[in-house]
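Naming convention: chains lettered A, B, ... in sequence-line order (proteins, then strands); numbering from 1 in each chain.
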Protein chains: 2
Amino acid sequence: MFSLSEENYLKAIFHLQKHSKAGVSTNALAEEMQTKASSVTDMVKKLSDKKLVVYKKYQGVYLSEAGRQTALQIVRKHRLWEVFLVEKLDFSWDEVHEVAEELEHIKSEKLISELDKFLDYPKRDPHGDPIPDAKGNFQAANKTLLSNLSKGEKGTLVGVKDTSSEFLKYLDKNDIALGKTIEVLDKEEFDGSMLIQIGDRSLRVSTMVTVNIYIKI
Amino acid sequence: MFSLSEENYLKAIFHLQKHSKAGVSTNALAEEMQTKASSVTDMVKKLSDKKLVVYKKYQGVYLSEAGRQTALQIVRKHRLWEVFLVEKLDFSWDEVHEVAEELEHIKSEKLISELDKFLDYPKRDPHGDPIPDAKGNFQAANKTLLSNLSKGEKGTLVGVKDTSSEFLKYLDKNDIALGKTIEVLDKEEFDGSMLIQIGDRSLRVSTMVTVNIYIKI
DNA sequence: ATATAATTTTAGACAAAGCTAAAAAATAAA
DNA sequence: TTTATTTTTTAGCTTTGTCTAAAATTATAT
Ligand SMILES: [Mn+2]
Ligand SMILES: [Mn+2]
Ligand SMILES: [Mn+2]
Ligand SMILES: [Mn+2]
């Protein structure tokens, strides 16, 4: 249906447009796609011709409904494959991303519906992100960043914003994992760092950490 | 490492050169790759530059040792994925080929070694073909075509030569499957057709069938 | 309001992989 | 051994997705 490159662009636009209601800028997309702005302009024109995005020169780009549905299916495949890699093949959550980045492009309806069944219809991927169903529906958890909690508040770790291998390994090393309860013992107003209680230990974490962890209260 | 197209060419050359010790001809490769002879010449030159094949103008092409190892790893991946699809995702043996044709190009050492482990190190794919190990070693079964058997001889069905969906569905419909015992009750010299005993039934099959079934005596 | 800076688009090129049509080489037939 | 046929290669073009450099547009700062 669509080329690998088109699919990756659609997914990138999908992720970027969550952060604001304005159109996704050429530069932001170039940054996300690790390419040049001029290449982005070319591709965005092509996607526009195919009615997958709405694009006006210098005004940024938006997904059309068709584009959004396509992006959602790629996200669905990406996250289902991540679950497969972690649950069945003993990958850790910091190792799955680049492989899923390739697997998400395999073209087979049956493959993905059977994989979904095989994994017992998971609702979230290893990073806590929701997995859209075959129709593109998913429930976005009501979650907040750890950085938004005040001293004394607590909640459950339900997701990570930064899914880089470095960050995930840092979390592993400190026994910070999905499902754990975190309580804010103290918050340093100066730099936003926190002393948190997690399991039976307390630990001081920087803002770099607190702005990348999602908590459900 | 190599492009999708390069990998597919290497695999095609690997399969074609099994059938004779002569170099693989441009036309044979074009037929196998569903492309034009001129495109083949271009690609073969590129593979030759990369030392994956040995090529002399008008003389056909051979895999180099590096090319053979690369091809073997692609075959390994293709067949492991086929096993996965049949064993874990309830695909039937006639549905796996085109999906495996895509999956075989996913680039991850860990993915394939973990998949191998997950599948419990299978030795053969759903069509009875051997799965090379990580070093490229595999045991070619000593098998013969059903058409080579004489009246009264019997053996076990260990593989199929034609893996087209049509042929495999024909076999399914007639309850002919890997591992079944087949006995030649009668052979018609005129057209090579056979009356065979399989399980508790006897069945007449044409040459089209007997030359596409491998038997181990 | 004008100048300066940043962003975005266009123009022109390039590499990969394919194609068609024509030329060259190898095979087969007469 | 010429001639005819088949196979293979070359030459030139196309599409996809990328790039650099220059031009156009929008945003920011005096
Ligand atoms: Mn991708
Ligand atoms: Mn994820
Ligand atoms: Mn393939
Ligand atoms: Mn097979």
Side-chain angles (χ1 to χ4, degrees), chain A residues 1-14 16-17 19-63 67 70-71 74 101-102 104-107, chain B residues 1-13 16-17 19-63 67 70-71 74 101-102 104-105 107:
Chain A
M1 195 72 174
F2 303 112
S3 75
L4 185 138
S5 204
E6 289 169 338
E7 291 191 347
N8 283 333
Y9 270 92
L10 289 174
K11 190 160 63 94
I13 297 167
F14 175 81
L16 288 171
Q17 80 177 10
H19 302 310
S20 90
K21 44 256 108 194
V24 174
S25 78
T26 301
N27 262 1
L29 202 37
E31 162 82 32
E32 179 82 7
M33 293 297 297
Q34 306 255 67
T35 186
K36 296 298 155 77
S38 54
S39 306
V40 170
T41 301
D42 286 346
M43 178 57 87
V44 153
K45 280 180 186 167
K46 184 158 55 134
L47 294 174
S48 182
D49 289 345
K50 296 192 176 186
K51 310 287 184 199
L52 293 167
V53 302
V54 176
Y55 166 67
K56 270 183 305 202
K57 273 190 193 177
Y58 296 102
Q59 301 306 123
V61 68
Y62 299 80
L63 288 180
T70 306
I74 302 162
E101 201 58 45
E102 293 186 49
E104 70 189 359
H105 303 288
I106 304 290
K107 306 244 180 315
Chain B
M1 194 73 173
F2 303 112
S3 76
L4 185 137
S5 205
E6 289 169 337
E7 292 192 347
N8 283 333
Y9 270 92
L10 289 175
K11 190 159 64 95
I13 297 167
L16 288 171
Q17 80 177 12
H19 302 309
S20 90
K21 43 255 110 197
V24 174
S25 79
T26 301
N27 263 0
L29 202 38
E31 162 82 32
E32 178 82 7
M33 293 297 297
Q34 307 255 63
T35 187
K36 296 299 155 75
S38 54
S39 305
V40 170
T41 301
D42 286 346
M43 178 56 87
V44 154
K45 280 179 187 168
K46 185 159 53 137
L47 294 175
S48 181
D49 289 345
K50 295 191 176 186
K51 309 287 184 200
L52 293 166
V53 303
V54 176
Y55 166 66
K56 271 184 303 200
K57 273 190 193 178
Y58 296 102
Q59 301 305 123
V61 68
Y62 299 80
L63 289 180
T70 305
I74 302 162
E101 201 58 46
E102 293 186 49
E104 70 189 358
H105 303 288
K107 306 236 179 323

For B:Glu104, which residues count as a side chain to side chain donor-acceptor pair (under 3.5 Å) partner, sequence neighbours excluded? B:Lys11, B:His78
N/O (side chain, B:Lys36) to phosphate O (OP1/OP2, D:dT8) under 4.0 Å: no
B:Met43 side, atom CE; B:Thr26 side, atom OG1 - distance, nearest 0.5 Å: 13.5 Å
Minimum heavy-atom distance B:Ala37-B:Asn27, with the two atoms named: CB-OD1, 3.7 Å
Separation of A:Gln34 atom CD from D:dT18 atom P, in whole Å? 12 Å
Protein proximity profile, nucleotides 22-29 of chain D - base contact B, sugar-phosphate-only contact S, no contact -, cut-off 4.0 Å on heavy atoms: --BSS---
Whole angstrom value for the distance that separates P of D:dT16 from CG of A:Asp49: 11 Å
Spacing of B:Tyr9 atom OH and B:Leu52 atom CG [to the nearest 0.5 Å]: 14.0 Å
Distance check needed: D:dT18 P versus A:Leu47 CG, whole Å only. 11 Å
Do A:Leu4 and A:Glu102 make a side-chain contact, defined as non-hydrogen atoms from C-beta onward lying under 4.5 Å apart? no
Close approaches to DNA chain D from residues 25-32 of chain B, in residue order (heavy atom, under 4.0 Å): B:Ser25, B:Thr26, B:Asn27
List the residues meeting side chain to side chain donor-acceptor pair (under 3.5 Å) with A:Lys36, not counting sequence neighbours, and say none if there are none. none
Whole-Å gap separating P (C:dC19) and CE (B:Met43): 11 Å
For the pair A:Gln59 (side chain) and A:Gly23 (backbone), establish whether a donor and an acceptor sit closer than 3.5 Å, ignoring hydrogens and angles. no
Could you run through nucleotides 11-16 of chain C and give me one letter per nucleotide, 5' to 3': B if any protein heavy atom sits under 4.0 Å from the base, S if only the sugar-phosphate is that close, - if neither? -----S
If you measure from NZ on A:Lys57 to OG on A:Ser48, what distance do you get to the nearest 0.5 Å? 12.0 Å
Which residues pass the side chain to side chain donor-acceptor pair (under 3.5 Å) test with A:Lys50, sequence neighbours left out? A:Glu6
When you measure from the side chain of A:Gln17 to the backbone N and O of A:Leu63, does any donor-acceptor pair fall under 3.5 Å? yes
Take atom OH of B:Tyr55 and atom C1' of C:dA25, then tell me their distance rounded to the nearest Å. 12 Å
Is a side-chain donor or acceptor of A:Lys107 paired with a backbone partner of A:His105 at a separation under 3.5 angstrom? yes
Separation of D:dT9 P from B:Lys56 NZ (nearest whole Å): 13 Å
Of A:Met33 and B:Thr41, whose closest DNA chain D nucleotide lies nearer the 5' terminus? B:Thr41
